[in-house]
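Notes follow the structure.
Convention: sequence-line order gives letters A, B, ...; per-chain numbering from 1. Not measured: the values here are computed from a predicted model.
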Amino acid sequence: MIQSRPRTPLGYLPILLPAFALIAFYIVPFGSMVGMSFFHNLGGGAYEQVFTLENYARLVSPFFLSVLGTSFEVAFLVALFAIVIGFPFTYLLVNARRGTQVFWLIVMLSVLSLSEAIIGFAWSTLLSRTAGIGVLFEALGLTEKAQSYAPSLGAVLAGVTYIAMPYAVLLLYPILSRIEPDIEQASRTLGASPLRAFFNVIVPMHRTPIVVSFVMIFVFTLGSYLLPQILGRPTNWTLSVVISDQALLQSNMPFAAALSIFLMTVTILLVLLVTLINRKGAKA
Amino acid sequence: MSGLIVENVDKFYGNVQALSDISLTVDNGQFVCLLGPSGCGKTSLLRIVAGLEDPSAGRIVLDGSDITTTPAHKRDFGMVFQSLALFPHLTVGDNIAYPLAIRGVPKDKRRAEVERLLELVHLPGKADRAITQLSGGQRQRVAIARALIMQPKLFLLDEPMSALDAKLRETMQVEVKRLQRSLGVTSLLVTHDQREAMTTADLVVVMSEGKIQQVAPPIEIYRNPANAFVADFIGITNLIAGRIEGGRFEGPGGALALPGAKSGIATLSIRPEDIALAPQAGPDTLTGTVTFVRHLGATTEISVDTGNADEKDLTVSLPGRTHCPFEVGDTAHLSVDPASVVVLG
Amino acid sequence: MSGLIVENVDKFYGNVQALSDISLTVDNGQFVCLLGPSGCGKTSLLRIVAGLEDPSAGRIVLDGSDITTTPAHKRDFGMVFQSLALFPHLTVGDNIAYPLAIRGVPKDKRRAEVERLLELVHLPGKADRAITQLSGGQRQRVAIARALIMQPKLFLLDEPMSALDAKLRETMQVEVKRLQRSLGVTSLLVTHDQREAMTTADLVVVMSEGKIQQVAPPIEIYRNPANAFVADFIGITNLIAGRIEGGRFEGPGGALALPGAKSGIATLSIRPEDIALAPQAGPDTLTGTVTFVRHLGATTEISVDTGNADEKDLTVSLPGRTHCPFEVGDTAHLSVDPASVVVLG
Amino acid sequence: MKLGKILSTLFFWIVGIVTIAPFVVIAGVSVNERKSLTFPPEGFNLGWYGDLFLDPEWREPLLTSLTIAICASLLAVLIAFPVAWFNWRYRTGFGKLVAGLGAMPFLLPPVITAMGFLTFFIILGYYGEFWTVVVAHAIFLVTLPLVSLSLGFEDIDTSLVEASRSMGASEATVLRTVVMPMIRPYVISGFCFVFVISLNEYIIAVMTVGAVFETLPMKIFNALRYGYTPVMAAASVVFVASTVLIFSLVAAFSDLPKLLGARSK
Amino acid sequence: AGEPLKVGVYGGYFQDSFDSFVYPEFTKATGIEIESIAVPTGEAWLIQLQQAARAKRAPADVSMMATVSIMRGMRTGLWATLDEAAMPNVSNILPTLINRYDDGGLAAVGAVSWYITVATNTDSFPEPIGSWAELWEPKYADSLGLLALVSNSYLLEITAKTFFGGTDYLSSDETIREVLGKVAELKPNTRLWYRDEAQFEQALKSGEIPIGQYYHDVTGLAAADGFPVRSNFPKEGGLRESGNWAVAGVSEKIEEAQVFIDYMSQPSVQAMLARNLGTAPNVARESMDLTDEEFAAVSSEIAPVIPRYDLHFERTDWLNQIWAEMLQA
Ligand SMILES: Nc1ncnc2c1ncn2[C@@H]1O[C@H](COP(=O)(O)OP(=O)(O)OP(=O)(O)O)[C@@H](O)[C@H]1O
Ligand SMILES: Nc1ncnc2c1ncn2[C@@H]1O[C@H](COP(=O)(O)OP(=O)(O)OP(=O)(O)O)[C@@H](O)[C@H]1O
Ligand SMILES: [Mg+2]
Ligand SMILES: [Mg+2]
C-alpha cells in the first residue's frame, strides 16, 4: 500500500527525527566549517571570530594549485586503474559460480576492514627492496638486482588503487550482475568473439555506470591521506595531507577549513563537468 | 548431406541431465518447432545448436561438416532471444548493423542493408530510433532483422514471442512464418505454446524431460499422438484407461465399439470435440454425471464424471450454438466416432 | 439494500484518470468478474472496494452503509492477490491463521480453524509446511484459505490464477467457482482472461479505459456484445464495416442478407465459427483470397482477405475434422447465418 | 575462445593474488619471533595476539574502537531505518530529499567531512567528547544502511503489506508481523557494514576525539610512527578474521550477493 | 586526598616507562597518587586543554608538552603561574629549559630532553659520520631518511649551525630563505622524508635506507638489541629537543602538581630517567652520578643545536608554507 504521502502531518514524524539528525550533524557542521574558513587564525588552535578573506587569499598561490594538481593526478589515475582493473574483474566475478562470488566479495569486504595504516605498511613491505616484489623480480631474473619501489608515485598509486578496488567492485557488482547473459551471447551469435563482445557491447553499454563509478572513486580518492604520506615522496602528498596537517599539526583551523572548501568546490565543479560531458556523450 | 543433424546429444549441468540422447534431422528450408513443458530441455538443445553451450556427448553436423566444437561466433547463425537481447546503447539501425560492423563492412553498405532489413520487417525509416522508443512488437522485429542480416545458415528463436500479448503474438507468428517461407532459411523455434507451434512449424518436435517424444507435422501430432504425454500436452484430450476385447472397449462409464482394435489393456485418447451427446444410454455410450458446464461462447464445455481414473472428468466440447441440455448433477450419455479414437499402448 | 454498490466512482493518479464514473451493483452471493485489457482500471476498482486506495470521487456502499472512508483493515474483506502475497516467513498454517493471530484468537482455536480451511481447499495436513515447499496450485489454495478464514463479507480476487499454467488454471477456476457457490460469499474477481471470466462469473463487467462497457451474464456478453470493443475483446470476432439497405448488408468482399436490419451505416460482428464455406459465389456470400491457414487440431482457422478495413483479414473457423480445401492464395467464398450476426451501432 | 578464456582466467587470478598479497604480509609479520615487523617472518610466535587482548595498551583502544563501532552502527541504523521505511511507504519529495541528504556524507572526501565535524564540535565546545565520534561515524556512514535497507524494502512485495492490511492488521501490526521479519537481514547487513568501516576509520576519529581517546586504527598508526610491533599486524589479522566471519555468517544466513545489490537468482 | 593527580605524558613508550619507573617511586616518596594520562604529540592536546579550560575542566593537571606548544599555551594564559619557592629543585634545571611569562612568572619547566643525531646502518656504512655536512655529499644520493616537517626535523637550525655559523643566522626572511635553499640541496640525497619515526627505524634497521637523522636514544636501544645501527654526535652537535611540564590554569591541584615537578627536577631522578628511558638529563652533568658510558649513551659534551622555538612559535604558518613549498616543489 504505497501512498503518495501520509494522510496526516503526524505521519511525517518518523522521518523528521532522522532529518533533524542529518541537518544538525551534517548540514550544520558543514556550515560551521564554512564559517570557520572566514575566521582569523591566532595560532595554536586559537582563532578570532572576525570576518576575513585572508585564508582564501593565501590559497591562491602556485603552490596550492600544484598540490591540488597532484591530488587530482593521483585521484584520476587511481580511479582509472580501479575501473580498468575493477570492471573486467567484476564482470568475470558476476559470471562466476555463486560460491566463488561470495568468496571474493568477502575478500573485498575484508580489504575494507584493513586500516589504511596497515595497508600502507603492507604495501611498503611488498614494494621494498629487502622483502617485497623486488626479491621476487630478482629471483625471476626480471631485474639484475632487487630494487625498491617505494616511496614513489607508483607506490602511492598501487596502495590507493588497492583501497579503491573494493569500492569499485562493490559499486559495479550490482550493475554488472543485472546484465542479461543473453546480451553477451547475442553478440556472440552475431559473430563477435567473447573478448570483442566484452569491449564492443558490455563496456559501451555501461558507459554511464562506469563514469559514475569513476567519479565516485575519484572523489573518494581525493580524501586519501595516510597512504600518500606512507608510500609517497613529498611531491606526492595530496591536498588532504595538507588539510590534515593544518588541522592537526599546525592547528590552523580557519585555513584548514578554507582548504577543505577549496577542495570541495573544485571537486564538485569537476564532477558536474564530467556528468555534463557524459550526458552529452550519451545523447550523441 | 545437407541440413542440420543432431546426433545422440546428451547434456548435463552438474548432476542434472537436461538432455538425453537427442537425435534430430532438419532439412534445409524447414521450419522446426521444439515444443514441450517448462524445463524439458528445449533451450538447452537450441543453445547447443547455437554453440553457446557444449554438449556433454554427441555431435552437431551442418551441411555435412561437424560443427560441434565451432565457437558460436564462427557458426554464422542468427538467433533471437526470449529477452530479445537488443543492445540498449545502440540505435535500431546500429543494432541491426552490428554483425556487419564487427565484420568491418563499410558504413554506407551497412546503411543500405539496414534499410533493406527494416523494409522486410515492416519498420521502414526507424533506423535512427533508440530501442526504448519502440513498442514490444517493434523490438521483436528489430531482433529478427538483426538475426537475419547476415543471411544465416540457421535461424534460431528461443520463445521470442512469449513476452507479447495474445493478439500481437498471433500477428508476429504469422509474420515470422511468412518471412521464413519467403527467405527459405532453415529455422528452429523453441516454444511451449502449442498454438504457436501449430501455426508456424513444418515439423513439431515434442520434448519431455530431456527426451524427444514425437517428431511429426503439426496436424499429425494432434491426430495421431505417439503416446499419452503427447496426446495430453497437445490440445485438450480425454485419456480413458480400460480393456479392448474383440473390437470393443470397456472402461469406466461404459463401452465403445472399436472395430479392428488390438485386444488387451489400452488407453484411449479422445478429443473433446469428437464426443457427442447421445439421447439415451446404448451399447456404445459412456454414461456419467455432469459436474461442470462452461459456456465459453464459441463452444460449450461439459465435464462429465464417468468414474475415470484420478478423478479426471471427461470433457465434452459442443459447438457454440448447440443448446446444452444439462445442469450440474444431470446424467449424460456420450457417444464417440470410433474413427476419431486413438488407441495408445 | 443488501449487497455491494459502487456509486459514480472516479479515480485519478496524478493526472491519469484510471476510472471514470463507475457505477455497479453486486447482489449478495453473486460472483462478478471484472474483465478488460491491461490498464483499463480493473485493479484500481478492486483496490478501491478493498479500501487499499481512496476513490477520487464517488461512494462505496455495503449492505446499506457507506464504507468509502473505512480503512482496509476494518472492512473485513478477504482478498487474494495476483502475487498471492503469502508471507514467506510463516508456515502454511500460520499464513492461514494470520487474520486470527492478529486478532488474538487463542492458539488451539486457530489450529482448528486452519484445519477446517485446509480441508475446504483440499490441502489437509499441510499446516506445518513452509510456503516454499508447496507447488503453485497449492500456494493458490493457501491464499484462498487465508482470505476466507474470517468469513469475509466480500471475497476479492485480483488475477489470482494468472501465474499458473494453463491446465492448473482451469482446475483452479472450477474449484474457486464451486467453493464460492457452496459458501455463498459475494465475490469480485479481476481478470483479463475471458475464458476465466466465462467459467466463473454469474455476471461479467467488461471495462475499457476506465469505463464500464457492458454488464451481463457471460453467454450474453458473447452473443450480444454491446459494442465493437466488447465484441472484439470477448472471443475472436470479425468486424466488418459497411452499409445496410433494405435488409441487405453491402461491405468489402460482397453482400449478406440481413432481413429486418435497420438501414444505414453499420458494423457487423460475426464469430469465426458462424462463417461457413460456400461452394461458389452467390448473392449472399463474401469472397476473398486465402492468406493463411492454421491447422490447430480442434479447429482449422483460415484467414481470408476480403479487402476489409485496416487489412483485417476475416477469420473463419472450421471444426477440427473438416477438410480444409484451400491453400494460401486460393479464392474462398464465405456464407453467414444471418441469425448469428450482431449489428453494432 | 580458448585463448580468451585463458587470458581472462589469468587476469582474474592476478588481481585476486595481488588483492590477497597484503594479507599474507600482515599475517606473516604478525607471527614474528621478535618485536619487529620483518617479512618474511623470523621465527614463530603467537604471543602478539595475546598482547592484543591482554596488554591494556592494546586492549583499551580495541575496546574503544569496538564501543564506537557498535554505538555508531546502532545509531546509523536507527537514523537510516525510518528514512528507508518512509521512502518505501510514501512517495514524497521531502522523503527523497532526506534520503539524498543521507547519501551525501559518504560522497565527499572524508577529510572534508572530518573537518566539518572538527570545527563544529570545537565551536560547540564538545571537542573530544566520546559521543562526538559516535555521532560523526553514524552520520558519515549512514549511507550504508540507508542503501541496504532501501534495497531490502524494495524487495518486500508491497502486496504482502496490503494483504496483511486487508486481513485486519493496523499499520503497527503490519510493521511488527510482516515488515520486521522480512527486513531483518538488511538491518543486520547495514549494521555490519557500518560496524566494519567504523572499526577501521581513522581520519574522522582522529579529528573528533584523537586527543582524548585512542582507537585501534590510531593505535596502529601510532605504532607505525613510534615503534613497530607485530601486535598491530595481529590486530589487523583479528579484524580481517572477524570481518570474514561476520560476512560469512551473513552469507550463510542470507544472500550476500543480493545484499550487495545483485539481482536475485 | 581524594582525586589522584592527573599527569599526562606522550602515549606509548614514554607513558609505559613513566608508569613503571617514575610514578610508583613518586607516590612512595610523597604519598600523592597519580593517574596516568596519554598525551598525543602535535598540538591536538593543546586544543583539548584549551577546550577543557573554557569549560573549567582539566583533562590533566600536569602535562608534558613540546616547547612551542608551551609558548602557544602561554599566549592564551593557559598555564598556571608556578610558585618557584615551593619547588627548590627547579633551580637545578638548565636555564634554557625554563619558560616564563612576560611578567617573569614561571609557566613551564623542562622535563626531559632528547637528541636528534645522525644514524647509520653499520652494514652499509661501517664508519661513523663526523659532520652534518656529510649528508650533502653526492655519494649519498637517494639514501637519506630525513624528518619531513619543519617543526620536527629542525633542519633549518642544523643547517644554519653547520654552514652559516649558528642558529642566530636565522634572523630575517632573507637569511631563512638562504638556509632553506641549502636544505633544499638535500633533496636529491633524500630517499624518504619520514613523518613517522618507526617508518624510518624499520628502514634503517633493514638497510633499506642506510643513513639519516634520527633520535639518539632510540637508535641506541636498537643497537643494544643487536641491530646493525649506530648513532653518533656530529661535530656540530646533536639537535636537542625537550618536553616541558606545565600545569593547567584551571587545575585544582596546583600544589600537588608543584610537588611533582619539584620531584622530577631532582638530579637523581633525572639520572634515573637517563638510565631507564634513555633521555638526556636537564641538569648539569656534575650534579648526577652518571658514569661516562651512561652519559655518552644519552648525551654528549658537544654543544647541542638548540631549536629556534621563537621562530617556530611566531612564524608557524610562514615557516610551514616555505618549507612545504621547498619540499613539495
Ligand atoms: N545453466 C544451468 N545450470 C544448471 N541447470 C540448468 C542450467 N540451464 C538449464 N538447467 C536445467 O536443465 C533443464 C532444462 O532446462 P532448459 O532451460 O533447457 O529448459 P526449457 O525447456 O528451455 O524450459 P523453459 O520452457 O522453462 O525455458 C532444467 O531442469 C533446468 O533446470
Ligand atoms: N499507483 C499508480 N500511480 C499512477 N498510475 C497508476 C497507478 N496504479 C495504476 N495506475 C494507472 O491507472 C490505470 C489503471 O490501472 P490498473 O492497475 O487499475 O489497471 P488493470 O486493469 O488492473 O491492468 P492490468 O490488467 O495490467 O493489471 C493504468 O493506466 C495505470 O497505469
Ligand atoms: Mg527455455
Ligand atoms: Mg491489475
Side-chain angles (χ1 to χ4, degrees), chain A residues 1-6 14-15 17-19 21-22 25-26 28-30 32-33 36 85 88-89 92 101-102 105-107 109-119 121-123 125-126 131 170 173-174 177-178 193-195 219 222-223 225-226 240 243-244 247 253 256-257 260 263-264, chain D residues 1 4 8 11-12 15 19 21-22 25-26 39-40 79 82-83 85-86 90-92 95 98 101-102 105 107-112 115-120 123 135 139 158 161-162 165 196-197 200 202-203 207 217 220-221 224 232 236 239-240 243-244 247-248 251 256-257 260-263:
Chain A
M1 181 145 106
I2 301 310
Q3 292 173 357
S4 58
R5 67 175 61 81
I15 201 172
L17 281 168
L22 284 169
F25 293 110
Y26 191 69
V28 174
F30 218 82
S32 64
M33 182 169 77
M36 179 69 88
I85 301 168
F89 180 80
L92 293 173
Q101 294 190 32
V102 169
L105 287 174
I106 291 179
V107 169
L109 291 167
S110 303
V111 175
L112 289 184
S113 79
L114 283 178
S115 143
E116 245 185 285
I118 200 90
I119 290 177
F121 161 75
W123 275 94
T125 305
L126 282 172
L170 294 179
Y173 182 77
S177 75
R178 281 177 168 76
S193 65
L195 215 60
V219 173
L222 279 178
Y225 140 80
L226 286 181
S240 292
I243 292 175
S244 48
M253 291 302 301
S260 301
L263 175 61
M264 194 187 70
Chain D
M1 182 158 154
S8 63
F11 166 81
F12 189 84
V15 174
T19 307
V25 172
I26 295 161
F39 187 84
I79 295 174
V83 179
W85 175 82
F86 191 90
Y90 306 110
R91 302 262 168 277
T92 63
V98 176
L101 199 58
L107 295 181
L108 283 179
V111 181
I112 294 177
M115 270 303 299
F117 284 121
L118 178 57
T119 48
F120 178 62
I123 289 174
V135 168
I139 296 286
T158 49
V161 176
E162 296 181 339
R165 293 287 276 174
V196 164
I197 297 190
N200 295 288
Y202 178 80
I203 184 77
M207 288 216 184
I220 289 174
F221 189 43
L224 208 58
M232 67 185 247
S236 300
F239 272 25
V240 168
T243 307
V244 169
F247 285 107
S248 298
L256 183 66
L260 294 173
R263 172 191 52 186

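- Listed here is the closest heavy atom pair of D:Met115 and A:Ala247: SD-CB, 3.7 Å.
- For the atom pair CG of D:Leu260 and OH of A:Tyr173, the computed distance is 7.0 Å after rounding to the nearest 0.5 Å.
- Of all heavy-atom pairs spanning A:Leu92 and D:Ser8, the tightest one is CD1-O, 3.4 Å.
- When all heavy atoms of D:Ile123 and A:Ser32 are compared, the pair lying nearest together is CD1-CB, 3.9 Å.
- To the nearest 0.5 Å, the span separating CD on A:Glu116 from CZ on D:Phe221 amounts to 9.0 Å.
- Using a 4.5 Å heavy-atom cutoff, the side chains of A:Leu17 and D:Pro82 are not in contact.
- A:Leu114 is not listed as a side-chain neighbour of D:Asn200, based on a closest heavy-atom distance of 4.5 Å or more.
- For a residue to count as touching a neighbouring chain, one of its non-hydrogen atoms must lie under 4.5 Å from one of that chain's; by this rule A:Met264 touches chain D with backbone and side chain alike.
- Proximity of A:Ile85 to D:Phe11: side-chain heavy atoms (C-beta onward) are separated by under 4.5 Å at one or more points.
- With a 4.5 Å cut-off on non-hydrogen atoms, D:Leu108 touches chain A through its backbone and its side chain both.
- Heavy-atom distances place the side chain of D:Val25, and not its backbone, under 4.5 Å from chain A.
- The choice from A:Val219, A:Leu222, A:Val28 that makes the most heavy-atom pairs within less than 4.5 Å of chain D is A:Val219.
- Most heavy-atom pairs under 4.5 Å with chain A, from the set D:Val196, D:Ile197, D:Leu101: that is D:Leu101.
- Highest contact tally toward chain D, considering only A:Ser260, A:Ala117, A:Ser113, is held by A:Ser113 [criterion: heavy-atom pairs under 4.5 Å].
- Put simply, CE on A:Met253 and OG1 on D:Thr119 are 5.5 Å apart, with the number rounded to the nearest 0.5 Å.
- D:Gly95 and A:Ile15 make their closest contact through CA-CD1, 3.6 Å (heavy atoms, listed as atom of the first residue, atom of the second, distance).
- The contact between A:Leu109 and chain D is made by backbone and side chain atoms together, counting heavy-atom distances below 4.5 Å.
- When heavy atoms are compared at a cutoff of 4.5 Å, A:Thr125 approaches chain D solely by way of its side chain, counted from C-beta outward.
- A distance of 8.5 Å separates CZ of A:Phe25 from CZ of D:Phe117, quoted to the nearest 0.5 Å.
- Considering D:Val240, D:Thr19, D:Thr243 as possible partners of A:Val111, the one that fulfils the side chain to side chain contact (heavy atoms under 4.5 Å, CB included) test is D:Thr19.
- Ranked by heavy-atom pairs under 4.5 Å with chain D, the list A:Val107, A:Leu263, A:Leu105, A:Leu112 is led by A:Leu105.
- Put simply, CD1 on D:Ile112 and CE on A:Met33 are 6.0 Å apart, with the number rounded to the nearest 0.5 Å.
- Looking at heavy atoms from C-beta onward, D:Ser248 lies in side-chain contact with A:Ile106 at the 4.5 angstrom threshold.
- Heavy-atom distances place the side chain of A:Leu226, and not its backbone, under 4.5 Å from chain D.
- Looking at D:Phe239, the atoms closer than 4.5 Å to chain A (heavy atoms on both sides) sit in the backbone and in the side chain alike.
- Atoms CD1 and CD1, from A:Ile118 and D:Ile26 in turn, are 5.0 Å apart once rounded to the nearest 0.5 Å.
- When side chains are defined from C-beta on, A:Val102 counts as touching D:Pro257, because their heavy atoms get closer than 4.5 Å.
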